[in-house]
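Report on the structure given below.
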Amino acid sequence: MAHISGMFLSVVGGAALVLGTAYGWTAREYRSAELDVLTERLVQLESSNAEWSKRAEATAELEAKLTALETELATAVQALEEARRAPVAAVAEPEAQPETIVADAGDPSFGDPARGETVFGQCRSCHQIGQGAEDRIGPHLNGIFGRRAGAHDGFRYSDDMAMMGADGLTWEIETLDAYLENPKALVSRTRMNFAGLKDQQDREDILAYLRQFSASPQNIPEAAPTAQAREVELAPEVLALVGDTDYGEYLASECKTCHQQDGSDQGIPSITQWPTEDFVVAMHAYKRQIRPHPVMQMMASRLSDEEIAALAAYFAQLQ
Amino acid sequence: MKLNRRVFVGTGIAAASALSAPMVQAASHGKPKVVVVGGGAGGATAARYIAKDSAGEIDVTLIEPTRSYYTCFFSNLYLGGFWELENLSHSYGKLASDYGINVVHDWATGVDRDAKTVSLAGGGTVPYDRLILSPGIDFVEGSVPGWDLSAQNAMPHAYKAGSQTELLKAQIMAMPEGGTYVMVAPPNPYRCPPGPYERISMVAHQLKMNNPTAKIIIADPKEKFSKQALFEEGWQKHYSGMVERIGPDFGGGNVTVDPAAMTVNIDGEVVKADVVNVIPAQKAGLICDAAGLTDGNWAPVDGASMVSRLDENIHILGDATNQGDMPKSGYSANSQAKVAAMAVRGALTGSRVFPAKYSNTCWSLIATDDGVKVGAAYEPNEEKIASVSSFVSQTGEDAAMRKATYEESIGWYEGITADMFG
């Protein structure tokens, strides 16, 4: 920006110079000379503009390389840590637990934190947890229970994650469970590139493990049923429903009061041309009140499976 | 007649499809004609959806006196200094050029329901097969003793957007230091339930910046009002000591005004004011009464299709109607317009008719980046349009959520105006 405004200043300076030296010129000659100077500057600006775009491309490339290197590094660090821990564990007492640990594991039927630690292995390449944990590719997970989504200072989240946080998504047992099961069900365009843990026991164990590093045991229910009741797992026949696009078009008229038909998204996200399954899963997550937005929960709450399918079919084919 | 209509719309898709073919009406010559009176959130949306979805099968005429439409929703943001007047202004150009709607800038003065024609102030009549009235509100004469339309320059209502909004803003900006702004709030039911209180918030914001010792008094005939806890929390937080509301317990419903003296008499106490914003009691836009479609102050409609309970060929939308639980809002009118458009197309061209669903959300701005909302979903039953679920912002929400709510409201404004005007 500094560079560009500098150029503008010199354009103004050049025009002033012409005005000073050519005092006796006719107005037309002056205009023509001024035009020449401006044209020349314009050419210069355009070429400098092209230069900047090139640099921006190069920067993006470098950023991508950096991300790849970070992933590699994290994997290497994880391998090292595992190698370091293995022999120690055999001979020594378990390492001192972090301060935030909850001594009472609560209802033991909920999940096995020891097994959860093993399951968490697949998360470690991106997420750190425990004493000294820092943000890597993903944010560190100390104190995750009770934390507002997308709100950990200093970490750059996807727009969707930030929006869900602003809408009121907080990491509790139910929301973490839904997110781990299928990240996109909760946050459509999350940067977390992870297919999800389909096995309920895996999720319960990993949550029991994560919970040890959070200071909010009150977030943990006595037993699992609440969490189970609010899962977004959809029966295959619900996902397989083929929507009636005519009906979808009528139902969609209600959506278009806020979501624009041409896909523009000023303050309200675009919902056109989504993959049908993503759309259906997201709507069911609102309907079951796992996604937080009150308007969307209200709209989704009265839609049947067929109506959600109709909407998905209609919006998917919208040009 | 009414029973047939209920059966028709109420029995769902299958019955509707079966019945639709014989219900197709051949207009006197050529295409069936729909006339829409009023180009606001109800009328513009209805005209656009009928024209768009019938793809040329229906001839649509929109009668609206103003060439530039100023939305009443968000006009408070102009008073608060958040928006420019131009942000509120919209033209009917695209409805004519992109959708083929015949846009007539004239006043509709009456309806001949037997001949099925609408008469215009400029002379002439327009024939219809189906008529849609979406005229908004007019004011109940004598509801605030001392005030009538001839006093609207001294004491503006600014409850129809445009020149009145500009006038009120100019008066607020010209208030002397430490001056007094009085709002005479309306009784229920009225357009935009949170509107007067959002306006108080925006006036307070403007005065806090430019005239921080000024005072705001609300004389209110209502015990409680929309989003009351949220507004009162916000006024305390942002404009502490500036806003005083006098409810009915303290005579807020017993008000007379003297526009010449610029005084407001609230239950015997005379207040000298610099700005008096009188929002009178309201009724359906005059055309409804002229057409004989009102019962009391409002036009009763059947929530299954927004058809008048007094004329099966006329649908009525938005603020003018008595339909049940929906608030009088631009969002509601827009929602109702889509149901009516579908019903009208079904009746005239045999297109599919689905069960009506309605919804509404009202966003309000309390201060910079402090937005709140209230909303509900509705479905019709035999008696009325009934609320089926609802939500409201909570007191004590954090700044991030309030900011997101405000940004969402801007998104909604862009969305609904695109939905109205194309």
Side-chain angles (χ1 to χ4, degrees), chain A residues 147-153 157 159-170 244-272 286-287 289 292-304 306-307 310-311 314, chain B residues 13 41 45 49 52-53 330-332 334-335 337-339 341-342 345 351-361 363 371 373-379 387-394 397-420 422:
Chain A
R147 188 199 283 170
R148 176 71 71 88
H152 170 49
D153 274 351
Y157 292 93
D159 290 350
D160 276 27
M161 182 66 85
M163 191 188 78
M164 276 292 153
D167 284 349
L169 177 64
T170 302
D244 170 347
T245 49
D246 280 358
Y247 191 23
E249 180 169 14
Y250 164 63
L251 294 169
S253 68
E254 188 162 51
C255 313
K256 290 178 192 169
T257 303
C258 299
H259 299 278
Q260 296 196 48
Q261 163 128 9
D262 66 6
S264 30
D265 56 345
Q266 297 134 302
I268 289 178
S270 164
I271 52 170
T272 57
Y286 282 121
K287 184 174 177 176
Q289 313 222 333
H293 197 273
V295 180
M296 287 307 304
Q297 288 180 353
M298 178 184 84
M299 294 296 181
S301 69
R302 62 170 168 171
L303 295 173
S304 66
E306 288 75 16
E307 288 171 333
L311 278 169
Y314 171 73
Chain B
I13 301 160
T45 307
Y49 270 75
K52 168 172 78 74
D53 295 338
Y331 193 130
S332 290
N334 170 268
S335 176
K338 291 162 187 175
V339 170
M342 173 179 63
R345 279 197 306 121
S351 62
R352 291 170 72 183
V353 176
F354 302 101
K357 282 183 199 286
Y358 300 100
S359 56
N360 175 67
T361 301
W363 287 267
K373 60 188 167 188
V374 60
Y378 304 86
E379 277 167 21
S387 169
V388 291
S389 66
S390 66
F391 69 88
V392 61
S393 294
Q394 300 300 304
E397 285 172 345
D398 65 22
M401 181 176 282
R402 290 295 175 86
K403 184 167 191 277
T405 302
Y406 172 57
E407 282 164 2
E408 179 181 284
S409 74
I410 306 281
W412 168 76
Y413 187 91
E414 300 300 332
I416 192 174
T417 50
D419 206 32
M420 289 162 64

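Proteins come first, then strands; the chains are lettered A, B, ... in the order of their sequence lines, and each starts at number 1.
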Exercise for the section: May I ask you to name which of A:Ala151, A:Ser301, A:Ser253, A:Gly267 has the most heavy-atom pairs under 4.5 Å with chain B? Expected result: A:Ser253
Exercise for the section: Can you tell which part of B:Ala418 gets under 4.5 Å to a heavy atom of chain A, answering side chain, backbone, both or neither? Expected result: side chain
Completion exercise
Under 4.5 Å to a heavy atom of chain A? For B:Tyr406 that would be neither
Problem - Among B:Ser409, B:Ala376, B:Ala404, residue most engaged with chain A (heavy-atom pairs, under 4.5 Å) - result: B:Ala376
Problem - Portion of B:Tyr331 that has a non-hydrogen atom of chain A nearer than 4.5 angstrom - result: side chain
Exercise for the section: Counting only heavy atoms closer than 4.5 Å, note whether A:Leu169 contacts chain B via side chain, backbone, both or neither. Expected result: neither
Handout entry: Most contacts with chain A, counted as non-hydrogen pairs under 4.5 angstrom, among B:Ala400, B:Ser389, B:Ala377
Key = B:Ala377
Problem - chain A contact via B:Lys373 - side chain, backbone, both or neither, heavy atoms under 4.5 Å - result: side chain
Exercise for the section: Check whether B:Ser359 gets within reach of chain A through its side chain, its backbone, both or neither, counting any heavy atom under 4.5 Å. Expected result: both
Problem - A:Gln289 side-chain N/O to A:Lys287 backbone N/O, donor-acceptor pair under 3.5 Å - result: no
Practice task
Check step by step if side chain to side chain contact (heavy atoms under 4.5 Å, CB included) holds for B:Glu414 and A:Ile268.
Solution key: CA-CA 9 Å; B:Glu414 300 300 332; A:Ile268 289 178; over 6 Å; no
Exercise for the section: Check whether more than 12 heavy atoms from other residues, nucleotides or ligands sit under 6.0 Å from atom CG of A:Asp159, and answer yes or no. Expected result: no
Fill in the blank from the handout: Answer key: most heavy-atom pairs under 4.5 Å with chain B among A:His259, A:Gln297, A:Glu254, A:Gln261 is A:Glu254
Problem - Flag side-chain contact, heavy atom, 4.5 Å: B:Lys357 against A:Leu251 - result: yes
Problem - Test side chain to side chain contact (heavy atoms under 4.5 Å, CB included) applied to A:Asp167 and A:Met296, step by step - result: CA-CA 11 Å; A:Asp167 284 349; A:Met296 287 307 304; over 6 Å; no
Problem - pair B:Phe354-A:Asp246: side-chain heavy atoms closer than 4.5 Å - result: yes
Exercise for the section: Kindly indicate whether the side chain of B:Asp53, heavy atoms from C-beta on, has any atom under 4.5 Å from the side chain of B:Ser351. Expected result: no
Exercise for the section: Could you tell me which of B:Asn334, B:Thr405, B:Ile410 has the largest number of non-hydrogen atom pairs under 4.5 Å with chain A? Expected result: B:Asn334
Exercise for the section: Carefully, step by step, assess B:Phe391 and B:Thr361 under the rule side chain to side chain contact (heavy atoms under 4.5 Å, CB included). Expected result: CA-CA 9 Å; B:Phe391 69 88; B:Thr361 301; 4.0 Å; yes
Practice task
Could you walk me through whether B:Tyr49 and B:Asp419 pass the side chain to side chain contact (heavy atoms under 4.5 Å, CB included) test, one step at a time?
Solution key: CA-CA 9 Å; B:Tyr49 270 75; B:Asp419 206 32; 2.8 Å; yes
Completion exercise
Whatever's closer than 4.5 Å to a heavy atom in chain A on B:Met401 counts as both
Problem - Engaged part of A:Met299 at the chain B interface, taking heavy atoms whose separation is under 4.5 Å - result: side chain
